[in-house]
Amino acid sequence: MDKIHEIRVEEVRDIEEGRHFYRVYMEINETIKIIGESETKPQLIRYISEVY
């Protein structure tokens with residue numbers, strides 16, 4: 001099973017190219033992977049699931 005240490009959303013304001021976007025990435029097994037980029041601010045939700 002993979003070990004995900006954190007998931008982050010980074011707001012990027014590139015003044016030189018006139019871009020503004022959000023980058024979503026995660027640290028998994030001590031490696032950083034970019035999940036995606038979006039011009040729309042992502043909605044952050046925490047969901048806890050219980051298994052019986």
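Values reported hereafter were calculated over all heavy atoms of this structure, with side chains retained and with hydrogens, waters and symmetry mates removed. Everything numeric in this text was worked out from a predicted model, so none of it was measured.
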Compile the donor-acceptor pairs under 3.5 Å between side chains in residues 28-37 and protein atoms, sequence neighbours left out, one pair per line.
{"from": "Asn29", "atom 1": "OD1", "to": "Lys3", "atom 2": "N", "distance (Å)": "2.9"}
{"from": "Asn29", "atom 1": "ND2", "to": "Asp2", "atom 2": "OD1", "distance (Å)": "2.9"}
{"from": "Glu37", "atom 1": "OE2", "to": "Arg23", "atom 2": "NE", "distance (Å)": "3.1"}
{"from": "Glu37", "atom 1": "OE2", "to": "Arg23", "atom 2": "NH2", "distance (Å)": "3.3"}

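Atom OH of Tyr25 and atom CD1 of Ile7 lie 11.5 Å apart (nearest 0.5 Å).
Put simply, the side chain of Ile4 does not reach to within 4.5 Å of the side chain of Glu6, judged on heavy atoms. In this structure the side chain of His20 reaches within 4.5 angstrom of the side chain of Glu11, judged on heavy atoms.
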